[in-house]
Amino acid sequence: MSFIGKTAYYFYYRPKSWIAEVRKSAGLLNVIKIVAGRKAMKRAADGLLVPVLAAGAPACYFLTGKKFWPLTAFCAYSFLKEAGKPVRPVFIDDGSIDRKLYEKIKKQFPGCIIRTAKEIEAALSEHLPKSQFPAIHQKRKNYPHIKKLTDVHAGSQGWKLVLDSDMLFFKPPRQLTDWLEKPGRPFFLRDPYYAYHYSLPLLEEIAGDKLVSQLNVGAAGLRSEDIDWSAMEKWIVAMEAAEGSSYLLEQALTAMIVAGKEVIVADPKEYVVLPGKEEIITPSATLHHYVAESKEWYYKQAWKKVI
């Protein structure tokens with residue numbers, strides 16, 4: 001099979017979620033360009049290096065592994081480059097970090113913290129035993145997004161900022177760095193749409209309080225001890241029984257965790273979820289979160305602007 005034929009099969013005809021969004025109007029030639037951009041981004045990610053990180057600096061957390069490391073590297077690199085203040089990344093192993101990748105991460109981000117899958121599993125066994133939380137453990141098996149909650153917060157205390165890997169920073173993120181220095185309320189991005197999948201009346205009935213309707217968890221600042229894991233176990237069962245499973249479950253659960261609380265929502269003009277083509281080509285905002293169709297322009301254009 002020719003190169004173009006293989007590319008068409010693996011990245012055009014197979015039901016990849018990100019490619020499905022693009023191919024609605026893009027065509028095969030554009031998909032090939034995206035694939036080429038993605039490969040170039042992965043190669044460039046290997047060359048990203050930062051100075052030795054300060055041990056006492058505020059931490060930011062990333063769930064990552066073999067599949068996502070190039071994206072994580074670019075996000076963390078751009079954040080540290082623009083922060084203007086010491087920040088120490090903590091990389092949470094999604095279960096796929098082997099010795100080779102572990103050493104690569106340590107070399108590229110010297111002084112970072114890596115929480116290994118073995119450490120995480122031990123903490124979960126102690127604080128979220130399967131016998132008491134079967135629904136949560138089942139979701140961890142087939143829905144990795146929930147690890148942004150369980151693997152970061154279970155058995156821990158204090159405020160933590162979790163950043164998605166599919167984001168880039170272009171200016172000093174003062175709202176984020178100020179929050180890291182003095183967190184006091186939950187922190188989120190603003191989604192341009194309602195993106196919890198589950199109906200708002202259902203979520204508010206289950207949570208027992210009002211929800212902020214358009215939170216986006218690309219950047220999610222939560223206090224670990226504020227998460228009621230027993231409640232979350234019941235929520236998952238009730239939500240899926242009523243309206244099925246969803247890729248957006250973790251975002252809905254996070255909105256329920258902060259139901260009825262005062263939250264900080266980043267300025268949507270500066271912290272842009274789903275940036276348009278023109279904004280991606282000529283960034284004016286502080287941060288882009290490349291969801292849905294904006295992923296196309298991440299691979300074709302955006303990452304190049306960071307280096």
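Position 1 is the first residue of the sequence; numbering continues from there.
For V217, the side chain to side chain contact (heavy atoms under 4.5 Å, CB included) criterion is met by K148, F188, A220, E250, Q251, T254, not counting sequence neighbours. Partners of D94 according to the side chain to side chain donor-acceptor pair (under 3.5 Å) rule, which considers only residues two or more places apart in sequence or in another chain, are S96.
Looking only at side-chain heavy atoms (C-beta outward), V263 and R185 stay at 4.5 Å or farther from each other. Two residues are said to be in side-chain contact when any heavy atoms from C-beta on lie closer than 4.5 Å; D164 and C75 fail this criterion. Side chains of Y298 and L71 form a contact here, defined as non-hydrogen atoms less than 4.5 Å apart. The closest side-chain heavy-atom distance from L180 to K85 is not below 4.5 Å. Between E240 and K139 the shortest side-chain heavy-atom distance falls below 4.5 Å. Residues P129 and Q132 are in side-chain contact: their nearest non-hydrogen atoms beyond the backbone lie under 4.5 Å apart. The side-chain heavy atoms of L80 and F169, taken from C-beta on, include no pair separated by under 4.5 Å. I114 places a side-chain heavy atom less than 4.5 Å from the side chain of Y102.
In this structure, F91 has its ring center under 6.0 Å from that of W69. In this structure, the ring of F79 has its center no less than 6.0 angstrom from the ring center of Y77. The six-membered or imidazole ring of F62 lies away from that of F68, with a centre-to-centre distance of 6.0 Å or more.
In this structure, Y290 and A302 approach most closely via the heavy-atom pair OH-CB, 3.2 Å. Of all heavy-atom pairs spanning F74 and A44, the tightest one is CZ-CB, 4.0 Å. Of all the heavy atoms in P58 and P86, the pair that sits closest is CD-O, 3.5 Å. Nearest heavy atom pair, residue P89 against residue L53, reads CD-CD1, 3.5 Å. For the residue pair T286 and P173, the shortest heavy atom distance occurs at CG2-CA, 3.6 Å. A pairwise comparison of heavy atoms in A73 and F109 identifies O-CZ, 3.7 Å as the closest pair.
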Apply side chain to side chain contact (heavy atoms under 4.5 Å, CB included) to F170 and L287, showing your working.
-> CA-CA 6 Å; F170 299 99; L287 171 142; over 6 Å; no
Verify side chain to side chain contact (heavy atoms under 4.5 Å, CB included) between I92 and I120, making sure each step is shown before the conclusion.
-> CA-CA 8 Å; I92 305 297; I120 292 164; 3.5 Å; yes
Full working for side chain to side chain contact (heavy atoms under 4.5 Å, CB included) between L215 and Y196 | CA-CA 9 Å; L215 298 182; Y196 300 155; 3.3 Å; yes
Residues V273, V291; criterion side chain to side chain contact (heavy atoms under 4.5 Å, CB included); working and verdict = CA-CA 7 Å; V273 178; V291 298; 3.9 Å; yes
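Exactly one of K147, R140, E119 qualifies for a side-chain contact (heavy atoms from CB on, under 4.5 Å) with L124. That residue is R140. Tested against E270 for a side-chain hydrogen bond (donor to acceptor under 3.5 Å, both in side chains), the candidates R174, K171, Q175 yield a single pass: K171.
The distance from the CG atom of D191 to the NE2 atom of H289 is 9.0 Å, given to the nearest 0.5 Å. Taking NZ from K33 and CD from Q301, the interatomic distance works out to 10.5 Å, rounded to the nearest 0.5 Å. The distance from the CE atom of M256 to the CD atom of E204 is 9.5 Å, given to the nearest 0.5 Å. Remark: S156 OG to R223 CZ distance equals 12.5 Å, nearest 0.5 Å. Atom CD of E233 sits about 8.5 Å away from atom NE2 of H137, to the nearest 0.5 Å. Here the CD1-CD1 distance, from I257 to I227, works out to 4.5 Å after rounding to the nearest 0.5 Å.
For the residue pair H145/Y143, the side-chain donor-acceptor check at 3.5 Å is not satisfied. Looking at S230 and K234, their side chains never bring a donor and an acceptor atom within 3.5 Å of each other. Side-chain contact check for E296 and N30: at least one donor-acceptor pair (N or O, by modelled atom type) lies under 3.5 Å. Side-chain contact check for E243 and H197: no donor-acceptor pair (N or O, by modelled atom type) lies under 3.5 Å.
Note: the hydrophobic cluster containing V90 does not contain L161 (ILVMFWY, side chain heavy atoms under 4.5 Å, direct or indirect links). Residue I206 is grouped with residue Y194 when hydrophobic side chains (ILVMFWY) are merged at heavy-atom distances under 4.5 angstrom, including chains of intermediate members. One hydrophobic cluster holds both L189 and L168 under the rule that ILVMFWY side chains link at heavy-atom gaps under 4.5 Å. Following chains of ILVMFWY side-chain contacts shorter than 4.5 Å, one cannot reach V272 starting from W303, and the two form parts of different hydrophobic clusters. Two different hydrophobic clusters hold V265 and Y193 under the rule that ILVMFWY side chains link at heavy-atom gaps under 4.5 Å.
When atom types are taken as modelled, the side chain of E279 and the backbone of A285 share a donor-acceptor pair closer than 3.5 angstrom. With Q108 contributing its side chain and V50 its backbone, the two residues share no donor-acceptor pair below 3.5 Å. Judged by distance alone, the side chain of Y299 and the main-chain N or O of K39 form no donor-acceptor pair under 3.5 Å. For the pair K300 (side chain) and R38 (backbone), a donor-acceptor distance under 3.5 Å is absent. Panel note: side chain R88, backbone A57; no donor-acceptor pair is recorded below 3.5 Å. A distance-only check finds a donor-acceptor pair linking the side chain of K160 to the backbone of Q157 [under 3.5 Å]. In this structure, K106 contributes its side chain and C112 its backbone to a donor-acceptor pair below 3.5 Å.
Counting heavy-atom neighbours within 6.0 Å of E262 CD, excluding the residue itself, gives a total of 12 or less. Heavy-atom contacts from other residues, nucleotides or ligands closer than 6.0 Å to NZ of K305 number more than 12.
Using a cutoff of 4.0 Å between basic side-chain nitrogens and carboxylate oxygens, D93 and R115 are not scored as salt-bridged. Between K104 and D46 there is a salt bridge, since at least one side-chain N of the basic residue sits less than 4.0 Å from a carboxylate O of the acidic one.
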